[in-house]
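Everything on this sheet refers to the single structure shown next.
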Amino acid sequence: MSGITYVRGDATVPSVKGVKVIAHVCNDIGGWGKGFVLAISRRWPEPEAAYRAWHRGRAGNDFGLGAAQFVQVERHVWVANMIGQRGTKTGSKGVPVRYEAIDRALEALAAKAGELGATVHMPRIGCGLAGGKWSRVEPLIEERLVRRGIPVTVYDHGD
């Protein structure tokens, strides 16, 4: 029995009260322009600007696989830019998703959501362009967030 709530809809428009963190997976090469990030950028410019600045300054900050950046976009809404994929293309090392990086980023997300008293909202992170399998990601979310009592809603886009 999963402690994750699954709904159809847009993860950028969570319809619950209280503080919300919208979580998604980014790559480690500074690319922002395909997939779920487009939905984020349509609603708020700040997450993309913060991600790009974070990447530009990576020599002097924590940007890299497993890191998470939290950007406040509304009074009660934050976006978590989580670095969980190596590059953007499938190659000799397989698909871009890095489960261990998603796991570390979810750890940071759990701490931030706990601090804010927030619910967490996301698409099926790491399973779109990153090429991951939900059967590998879902247990990480269960372990890092659900078991700590953090409500998680996963959004499947479409009808």
Side-chain angles (χ1 to χ4, degrees), residues 1-28 31-51 66-90 94-159:
M1 173 72 189
S2 172
I4 299 171
T5 301
Y6 291 88
V7 299
R8 288 223 171 270
D10 182 348
T12 68
V13 198
S15 61
V16 296
K17 300 232 181 287
V19 180
K20 299 164 271 298
V21 178
I22 297 167
H24 69 109
V25 165
C26 304
N27 62 66
D28 67 346
W32 181 292
K34 285 187 174 167
F36 184 68
V37 298
L38 296 178
I40 290 173
S41 290
R42 276 194 292 275
R43 289 191 50 90
W44 310 284
E46 299 91 346
E48 177 180 358
Y51 169 79
Q69 176 189 54
F70 301 96
V71 183
Q72 190 169 11
V73 294
E74 292 178 16
R75 183 162 170 237
H76 295 294
V77 181
W78 294 71
V79 171
N81 292 334
M82 304 188 306
I83 311 300
Q85 67 180 76
R86 165 87 61 210
T88 57
K89 304 236 183 314
T90 297
V95 293
V97 71
R98 294 295 178 267
Y99 298 108
E100 60 289 340
I102 290 175
D103 192 38
R104 282 199 313 276
L106 287 170
E107 186 75 30
L109 174 59
K112 185 67 170 181
E115 171 193 319
L116 296 170
T119 54
V120 173
H121 305 267
M122 64 180 72
R124 291 184 187 237
I125 58 170
C127 297
L129 297 171
K133 294 187 175 1
W134 188 244
S135 61
R136 297 271 315 268
V137 176
E138 184 184 46
L140 302 176
I141 294 166
E142 293 271 356
E143 177 69 27
R144 299 293 176 209
L145 300 167
V146 175
R147 287 207 180 126
R148 292 183 185 168
I150 298 166
V152 177
T153 303
V154 170
Y155 294 73
D156 288 316
H157 210 65
D159 302 329

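For reference, positions follow the sequence shown, starting with 1. Quantities reported herein were computed from a predicted structural model and do not represent experimental measurements.
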Under 4.5 Å between any side-chain heavy atoms of [X] and [Y], yes or no?
X: Phe36; Y: His157; answer: no
X: His24; Y: Val37; answer: yes
X: Val79; Y: Glu46; answer: no
X: Thr5; Y: Pro151; answer: no
X: Met122; Y: Leu145; answer: yes
X: Arg124; Y: Tyr6; answer: yes
X: Val73; Y: Arg43; answer: no

Write down the atom of [X], the atom of [Y], and the distance for their closest heavy-atom approach.
X: Ala108; Y: Phe70; answer: O-CZ, 3.6 Å
X: Gly126; Y: Ala130; answer: O-CB, 3.5 Å
X: Ile22; Y: Pro14; answer: CD1-CD, 4.1 Å
X: Ala118; Y: Val21; answer: CB-CG2, 3.8 Å
X: Met82; Y: Ala105; answer: CB-CB, 3.6 Å
X: Gly114; Y: Ile150; answer: N-CD1, 4.3 Å

Can you check side chain to side chain contact (heavy atoms under 4.5 Å, CB included) on Val154 and Trp134, steps first, answer last?
-> CA-CA 11 Å; Val154 170; Trp134 188 244; 3.9 Å; yes

Could you tell me whether a side-chain N or O of [X] sits under 3.5 Å from a main-chain N or O of [Y], the two making a donor and an acceptor?
X: Gln72; Y: Arg75; answer: yes
X: Asn81; Y: Val71; answer: no
X: Asn27; Y: Arg86; answer: no
X: Tyr155; Y: Thr12; answer: no

For the atom pair [atom1] ([X]) and [atom2] ([Y]), what is the distance rounded to the nearest 0.5 Å?
X: Trp32; Y: Ile40; atom1: CH2; atom2: CD1; answer: 5.0 Å
X: Ile102; Y: Ile83; atom1: CD1; atom2: CD1; answer: 11.0 Å
X: Arg98; Y: Arg104; atom1: CZ; atom2: CZ; answer: 11.5 Å
X: Tyr99; Y: Arg136; atom1: OH; atom2: CZ; answer: 5.0 Å
X: Leu140; Y: Glu107; atom1: CG; atom2: CD; answer: 11.0 Å
X: Ile141; Y: Ile125; atom1: CD1; atom2: CD1; answer: 4.5 Å

Taking salt bridge (charged side-chain N to carboxylate O under 4.0 Å, His left out) as the test, write out the residues that go with Glu143, two or more places apart.
-> Arg147

